[in-house]
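Only one structure is covered here, and it is reproduced in the block below.
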Amino acid sequence: METFTALPRTELVRRAAELGPLLRAEAQQSEQERRLTAGTIDALADSGLLRMRVPRRFGGFESDMRTVTEVLAELARGDGSTSWTASVWMISSWMVGLFPDSVREEVFADPDVRISGILSPTAMAVPVEGGYQVDGKWSFNTGCLQSAWNVNAAVRPTPDGQFEPVMVLIPMKDLQIVDDWHTTGMRGSGSVSTIAEKVFVPNDRLLPMGPVIGGAHPLQQDPSALMWRAPFMPIACATVGAVAYGLAEAARDAFMTRLPGRKITYTDYAEQSAAPLTHLQVAGATVRVDEAGFHIRRVAELIDARAAAGEAWTVEERARARLHLGAVCLRAKEAADLLAGASGGTSLQLDVPIQRIERDIKALNLHAIMHPDTNFELYGRVACGLAPNTQYL
């Protein structure tokens, strides 16, 4: 494989778009296997796209947020599970980029390394000599079956008797797998559960979560790199929101591809495309797709602008990133529901993409961080002068 340097946005988006036909062809098999196919994994590795959030000094691209969102949206136009899994790998690579050099040199020895990650602290890290003993279970561990490392959230005790959230980096071989990913949406993402039982984590593989969420990265080894000049949550919002936007585009692609030659059964419309109802449905879906694109670009551009200027984020701006994420998900779901409802009974067949796209978007809208109403309420609280009711901001 070629040695990649920092590639421009146009080239990375082109590579993502070129994967589209393969991803669409592999999507149904990924659903059946409940993880990405070997062909999809190989294609992602060959494209170099998983290097986008890897430190440049280790062979990565350190791509800006606008580039990341455009690439993930293109991948989602091919397959939602592929894009979602890639988004988790990119976020996790960004997180590992905050660890000490001793850790980064080991993990990024392969710049195409796949790292999965979980943000919910459902494990305990107890201090022992030289590090921590970690015990716990993480659900919805996307892509872990096809990853080498897992960066997971846990809590560790503090001297005052409280608990502090931390990130722990664990080789996948040290974790047990619970094969419990039996779902109707994002089936190909392999988001199974993992269990740690008395797993030893050295001191340098533990990172306090508070500064990361806050946007202060005291261990960051590349202070001039723009990629880490933002709080974690806006970055995560833009990254996963791009998947929802790309799926909205995919829904429109799928509908328009099947439209020629389709009739409306039990009517005198020999061509569905001639019906005024279809015109309204296509126009309504297009408005919603475009609105989703507006929101994802808005948050990505804010991240990049703040990073370039070295400016701090206000609480309102952090809450607005969550607002944009909720809006992307809502508009994407509205577009997919509208087009799926116009696709006729034959669209229920498993080899018709619109039904899978609709299920995948529904799954994203149910994600605790992505749920539209949760995000709207959060922003509304802040806009009305109340304190946020979450630390994930």
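Please read these numbers as outputs of a predicted model, since none were measured by experiment. Atom set for the values below is all heavy atoms of this structure, side chains included, hydrogens, waters and symmetry mates excluded.
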For L12 and L49 the tightest heavy-atom approach is O-CD2, 3.6 Å
Looking at V68, I91, T239, which one forms a side-chain contact (heavy atoms from CB on, under 4.5 Å) with R53? V68
Minimal non-hydrogen separation, S87 against V240, with atom names: OG-CG1, 4.1 Å
Working to the nearest 0.5 Å, report the span between OG1 of T40 and CD of E33. 9.0 Å
Would L325 and I296 count as a side-chain contact (heavy atoms from CB on, under 4.5 Å) here? Give the steps. CA-CA 7 Å; L325 175 59; I296 199 65; 6.0 Å; no
Does any part of the side chain of V96, heavy atoms only, come nearer than 4.5 Å to the side chain of F108, both counted from C-beta? yes
Would you check if there is a donor-acceptor pair between the side chains of N375 and E377 at a distance under 3.5 Å? no
Heavy-atom check, side chain of T85 versus side chain of R35, under 4.5 Å: no
Hey, quick one: are M124 and V134 part of the same hydrophobic cluster, counting side-chain heavy atoms closer than 4.5 Å, chains of contacts allowed? no
Closest approach of I354 to A254 (non-hydrogen atoms, all atoms of both residues): N-CB, 4.3 Å
Nearest heavy-atom neighbours spanning C329 and N365: O-ND2, 3.1 Å
Considering only heavy atoms from C-beta outward, does the side chain of V192 approach that of I177 to under 4.5 Å? yes
Side-chain donor-acceptor pairs of residues 382-393 under 3.5 Å, sequence neighbours excluded:
| unit_1 | atom_1 | unit_2 | atom_2 | d |
| --- | --- | --- | --- | --- |
| T390 | OG1 | Y392 | N | 3.0 |
| Y392 | OH | L119 | O | 3.4 |

Residue among D112, D46, D110 satisfying salt bridge (charged side-chain N to carboxylate O under 4.0 Å, His left out) with R51: D112
Find out whether V54 and M90 are in side-chain contact, i.e. whether some heavy atom of one side chain is under 4.5 Å from a heavy atom of the other. no
Using salt bridge (charged side-chain N to carboxylate O under 4.0 Å, His left out), reason through E18 and R15 one step at a time and then give a plain yes or no. CA-CA 5 Å; E18 284 186 348; R15 294 185 183 199; over 6 Å; no
Under 3.5 Å donor-acceptor pairs involving side-chain atoms of residues 142-149, not counting sequence neighbours:
| unit_1 | atom_1 | unit_2 | atom_2 | d |
| --- | --- | --- | --- | --- |
| T142 | OG1 | W84 | NE1 | 3.2 |
| T142 | OG1 | S191 | OG | 2.6 |
| Q146 | OE1 | L36 | N | 3.4 |
| Q146 | NE2 | L36 | O | 2.6 |
| S147 | OG | W89 | NE1 | 2.9 |
| S147 | OG | G143 | O | 2.6 |

Salt bridge present between R9 and D64 (N-O < 4.0 angstrom): yes
Evaluate the salt bridge (charged side-chain N to carboxylate O under 4.0 Å, His left out) criterion for residues D337 and K362: first the C-alpha distance (whole Å), next the side-chain angles of each, then the deciding distance (0.1 Å), finally the verdict. CA-CA 9 Å; D337 288 348; K362 180 180 180 181; over 6 Å; no
Taking side chain to side chain donor-acceptor pair (under 3.5 Å) as the cut-off, I'd like each qualifying pair that reaches into residues 68-80, sequence neighbours left out, listed once. R66-E70, R77-D253, D79-T82
Closer than 4.0 angstrom, basic N to acidic O: yes or no for D290 and R331? no
Quick one: do the R320 and Y379 side chains pair a donor with an acceptor below 3.5 Å? yes
Does one hydrophobic cluster hold both L7 and L19, with members joined at side-chain heavy-atom distances below 4.5 Å? yes
Assess, by modelled atom type and distance only, whether the side chains of S81 and S30 contain a donor and an acceptor separated by less than 3.5 Å. no
Nearest heavy-atom pair of G97 and R104: which atoms, and what distance? O-NH1, 3.1 Å
Can you tell me how far the CH2 atom of W138 sits from the OG1 atom of T194, to the nearest 0.5 Å? 6.0 Å
Euclidean distance, T184 OG1 relative to Q355 CD, rounded to 0.5 Å: 10.5 Å
Side-chain heavy-atom pair I235, M65 within 4.5 angstrom cut-off: yes
Are H295 and Y245 packed together at the side-chain level, in the sense that at least one heavy-atom pair is separated by less than 4.5 angstrom? no
Is a donor on one side and an acceptor on the other found under 3.5 Å between the side chain of R322 and the backbone of R318? no
Show the atom names and distances, to 0.1 Å, of all donor-acceptor pairs under 3.5 Å that link a side chain in residues 340-351 to residues at least two apart or in another chain.
| unit_1 | atom_1 | unit_2 | atom_2 | d |
| --- | --- | --- | --- | --- |
| S343 | OG | L339 | O | 2.7 |
| T346 | OG1 | R258 | NH2 | 2.7 |
| S347 | OG | G344 | O | 2.6 |

For H324 and F294, take the angle between the two ring planes, folded into 0 to 90°, and tell me which bin it lands in: parallel under 30, tilted 30 to 60, perpendicular over 60. perpendicular
Quick one: do E31 and R359 satisfy salt bridge (charged side-chain N to carboxylate O under 4.0 Å, His left out)? Show the steps, please. CA-CA 12 Å; E31 284 218 320; R359 289 186 283 111; 3.1 Å; yes
With side-chain contact (heavy atoms from CB on, under 4.5 Å) as the test, would you mind laying out the steps for M227 and W94 before giving the verdict? CA-CA 8 Å; M227 195 169 77; W94 180 92; 3.8 Å; yes
Do L330 and E334 come close enough that some side-chain heavy atom pair is under 4.5 Å? yes
In terms of the angle between their ring planes, are F140 and W181 parallel, tilted or perpendicular, with boundaries placed at 30° and 60°? perpendicular
Is there side-chain contact between F99 and V151, with at least one heavy-atom pair below 4.5 Å? yes
Mind checking whether L323 and L364 sit in one hydrophobic cluster, side chains of I, L, V, M, F, W, Y counted as touching below 4.5 Å? no
Does D101 form a salt bridge (charged side-chain N to carboxylate O under 4.0 Å, His left out) with R57? I'd like the steps, not just the answer. CA-CA 11 Å; D101 259 355; R57 62 184 292 196; 3.1 Å; yes
Correct closest heavy-atom pair for S193 and D180 would be OG-OD2, 2.6 Å
For residues 197-209, please give each side-chain donor-acceptor pair under 3.5 Å, one per line with the distance, not counting sequence neighbours.
| unit_1 | atom_1 | unit_2 | atom_2 | d |
| --- | --- | --- | --- | --- |
| E197 | OE1 | Q176 | NE2 | 3.3 |
| N203 | ND2 | G130 | O | 3.3 |
| D204 | OD2 | S102 | OG | 2.9 |
| R205 | NH2 | E106 | OE1 | 3.4 |

R252 and E249 ion-paired at < 4.0 Å: yes
For the CD atom of E317 and the CD1 atom of I303, what is their distance to the nearest 0.5 Å? 11.0 Å
Find out if a path of hydrophobic residues (ILVMFWY) with successive side-chain heavy-atom gaps under 4.5 Å connects V282 to Y269. no
Donor-acceptor list for residues 159-170 side chains, cut-off 3.5 Å, not counting sequence neighbours:
| unit_1 | atom_1 | unit_2 | atom_2 | d |
| --- | --- | --- | --- | --- |
| D160 | OD1 | T158 | OG1 | 2.4 |
| D160 | OD1 | Q162 | N | 3.1 |
| E164 | OE1 | R156 | NE | 2.7 |
| E164 | OE1 | R156 | NH2 | 3.0 |

CD/Q272 to CZ/R262 distance, rounded to the nearest 0.5 angstrom? 5.0 Å
Quick check for you: to the nearest 0.5 Å, what is the distance between L247 atom CG and S83 atom OG? 7.0 Å
V155 reachable from V212 in the ILVMFWY side-chain graph, under 4.5 Å edges: no
